[in-house]
Amino acid sequence: MQKSKLTDFGLCVKTELLRQGMSQAELEKSVSEDTGLFVDSGYMYKILTGQRSPEKIVSSICRILDIPAPTE
């Protein structure tokens, strides 16, 4: 099984989590509360590696972490 690499957006998210002292689990919980959608570690991994790009969740991540939206 090959491990996928983080996209530029994924790397930005991970860096900002470290900078703010926030865990990925806390981000997942905040995104779930913000969007009303279920977000777990597996789904977050797919977003950060570019396998999924749900606009509503990505926007929520950007808003919560105060980072720019990814450009594709």
Test your reading of the model: is there a side-chain donor-acceptor pair from Ser32 to the backbone of Leu37, 3.5 Å cut-off? yes
Can you sort out the partners of Ala25 under side chain to side chain contact (heavy atoms under 4.5 Å, CB included), two or more places apart, ordered by chain and number? Ser23, Glu28
Between the CD atom in Glu16 and the CG atom in Leu11, the distance rounded to the nearest 0.5 Å is 11.5 Å
Hydrophobic cluster membership, Tyr45 vs Val39, 4.5 Å side-chain cutoff: no
As a test of understanding, state which of Ile64, Leu65, Leu27 forms a side chain to side chain contact (heavy atoms under 4.5 Å, CB included) with Gln20. Leu65
Taken to the nearest 0.5 Å, the spacing of Phe9 CZ from Ile67 CD1 works out to 4.5 Å
Testing the basics here: between Phe38 and Tyr43, what is the closest heavy-atom pair and its distance to 0.1 Å? O-CD2, 4.2 Å
Side-chain (Ser60) to main-chain (Asp34) donor-acceptor, under 3.5 angstrom: no
When you look at CG of Asp40, are more than 12 heavy atoms from neighbouring residues, nucleotides or ligands closer to it than 6.0 Å? yes
Restricting to non-hydrogen atoms, name the atom on Gln24 and the atom on Ser41 that form the minimum distance, rounded to 0.1 Å. NE2-O, 4.0 Å
Where do Ala69 and Cys62 come nearest, in terms of heavy atoms and distance? CA-SG, 3.6 Å
Flag side-chain contact, heavy atom, 4.5 Å: Val58 against Pro70: yes
Please report the interatomic distance CG(Leu48) to OG1(Thr7), rounded to the nearest 0.5 Å. 6.5 Å
Approximate separation, where rounding is to 0.5 Å, of Thr35 OG1 and Glu33 CD: 9.5 Å
Look at Glu26 together with Lys29 and state whether they make a salt bridge at an N to O cut-off of under 4.0 Å. no
